[in-house]
Asker: 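This is the structure, below, for whatever I ask next.
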Amino acid sequence: MPELPEVETIRRGLSAGLLGKKINRLEILWPRTVKTNLQKFAKILTGNKILNIERLGKLLIFELKNRQYVLVHLKMTGQLIYRAHDKCVAGGHKFLAQDLKTPNRHTRLIIYFADKSILYFNDLRKFGYFKLVDELTKEKTLKQFSLEPIQPEFNLNHFKKIFSNRKTTVKALLLNQKLIAGLGNIYADEACFRAKIRPNKKAGDLTDRQLKNLWLACKNILRQALKYKGTTFNNFVDEKGVKGNYSRFLRAYGRQGQKCQRCRQAIIKKIKTANRGTHYCPVCQK
DNA sequence: GTACTTGTTAAACT
DNA sequence: TAGTTTAACAAGTA
């Protein structure tokens, strides 16, 4: 489940490898991955160059020549794996990190570059997508997102405004990309745990102190997770197929039934909030 | 066979 | 109208 730190880890990794690379050929194994007319998609991409890779929230933006952009969303299980040509042997070459075979049965799209390097898009659940858009559409799409907690403009005042008078739960609000960009189910639970706030509490009911704690928690969690190249819970891997290291810092997510590591008394509970599995400590979090 | 997992969005609801 | 909630999407695991 790639959230902001995971997607940014991938963006950095891919930038190092494929900026300026020319696309020679595409192989589309699962057509519904591409949300643009397939012929148009292939025509524009073939022979084109990757000029830049940006990110907003969990969305990746590949900039091509002539103000064309490819939006890539990994959703829950998308993986972007980049192989230099000497490591591109299919069938589990010994150089392949984590024994991640490419291509595999979940490979949906392959991009072959002129220098023989290859980008694989794997996606078990087929929710991820590639979409070719012009500059106007790209700008319009990006406008739907709000600030990310790691941006300097994401100050306490901005955060308070988002929460004031909201009737929905804290959890639902943290997951709403139009209000806060980049948090997903894992980091939303972790942020609530750090701030000692129950995820199913009404957002508008938080005190000033709680708001400040939650604001700090959001920023710190994402920064720390980024430092450790993300969390691998199910199948997140970076552009080389390497897993993230943040899992060992998780205090709430996936720890239901285990003792809370902060109060050392209560057992972490799992409930459903905003239609999502939600983990919290019934003693620490008020 | 059933329940459960998640990011986003369209549709339904208040 | 706007804010909020729910179901749907898909395929694998327990």
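Small disclaimer: the values here were computed from a predicted structure and weren't measured. Proteins get letters first, then strands, A, B, ... in listed order; numbering begins at 1 in each.
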Asker: How is A:Lys202 classified with respect to the nucleic acid when contacts are heavy atoms under 4.0 Å: base, sugar-phosphate, or nothing?
Answerer: nothing
Asker: Atom CG of A:Leu175 to atom P of C:dT5: distance rounded to whole Å?
Answerer: 12 Å
Asker: What pairs with A:Gln224 under side chain to side chain donor-acceptor pair (under 3.5 Å), at least two apart in sequence or on another chain?
Answerer: A:Arg194, A:Tyr246
Asker: In whole angstroms, how far is the P atom of B:dG7 from the CD atom of A:Glu6?
Answerer: 10 Å
Asker: From CG of A:Asn275 over to P of B:dA3, roughly how many Å is that when rounded to an integer?
Answerer: 16 Å
Asker: Rounded to whole Å, how long is the line connecting atom OH of A:Tyr253 with atom P of B:dC4?
Answerer: 14 Å
Asker: Just jot down the ring pair (Phe, Tyr, Trp, His ring centres under 6.0 Å) partners of A:Tyr280, sequence neighbours excluded, or say none.
Answerer: none
Asker: In whole Å, what is the span from the CG atom of A:Leu71 to the C1' atom of B:dT9?
Answerer: 16 Å
Asker: For B:dG7, does OP1 or OP2 lie under 4.0 Å from any side-chain N or O of A:Gln177?
Answerer: no
Asker: In whole Å, what is the span from the CG atom of A:Leu179 to the C1' atom of B:dT8?
Answerer: 14 Å
Asker: Given atom CG of A:Leu60 and atom P of B:dT8, what is their separation to the nearest angstrom?
Answerer: 12 Å
Asker: Write down the distance between CG (A:Asn176) and C1' (C:dT5), rounded to a whole number of angstrom.
Answerer: 12 Å
Asker: List, by chain and number, the other hydrophobic cluster members for A:Tyr129, where Ile, Leu, Val, Met, Phe, Trp and Tyr join if side-chain heavy atoms come within less than 4.5 Å, directly or indirectly.
Answerer: A:Leu56, A:Leu59, A:Ile61, A:Tyr69, A:Leu71, A:Val133, A:Leu142, A:Phe145
Asker: Sequence neighbours left out, what pairs pass salt bridge (Lys or Arg N to Asp or Glu O under 4.0 Å) with at least one residue falling in residues 32-58 of chain A?
Answerer: A:Glu8-A:Arg55, A:Arg55-A:Glu148
Asker: State which residues pass salt bridge (Lys or Arg N to Asp or Glu O under 4.0 Å) with A:Lys160; sequence neighbours excluded, sorted by chain then number.
Answerer: A:Asp208
Asker: Counting only heavy atoms and a strict 4.0 angstrom limit, can you tell me which residues of residues 161-172 of chain A come near DNA chain C?
Answerer: A:Arg166, A:Lys167, A:Thr168
Asker: Run the side chain to side chain donor-acceptor pair (under 3.5 Å) test against A:Glu3 and tell me which residues pass, sequence neighbours left out.
Answerer: none
Asker: Only counting residues at least two apart or in another chain, list the ones meeting ring pair (Phe, Tyr, Trp, His ring centres under 6.0 Å) with A:Tyr228.
Answerer: A:Phe249
Asker: Give the B/S/- string for nucleotides 9-14 of chain C, one per nucleotide from 5' to 3', where a protein heavy atom under 4.0 Å of the base yields B, of only the sugar-phosphate yields S, and otherwise -.
Answerer: BBBS--
Asker: Quick one: sort the A:Phe121 and A:Phe130 rings into parallel, tilted or perpendicular, breaks at 30° and 60°.
Answerer: perpendicular
Asker: To the nearest 0.5 Å, what is the distance between CZ on A:Arg276 and CG on A:Asp189?
Answerer: 11.5 Å
Asker: Can you see if the side chain of A:His73 gets near the phosphate of B:dG7 - specifically, an N or O under 4.0 Å from OP1 or OP2?
Answerer: no
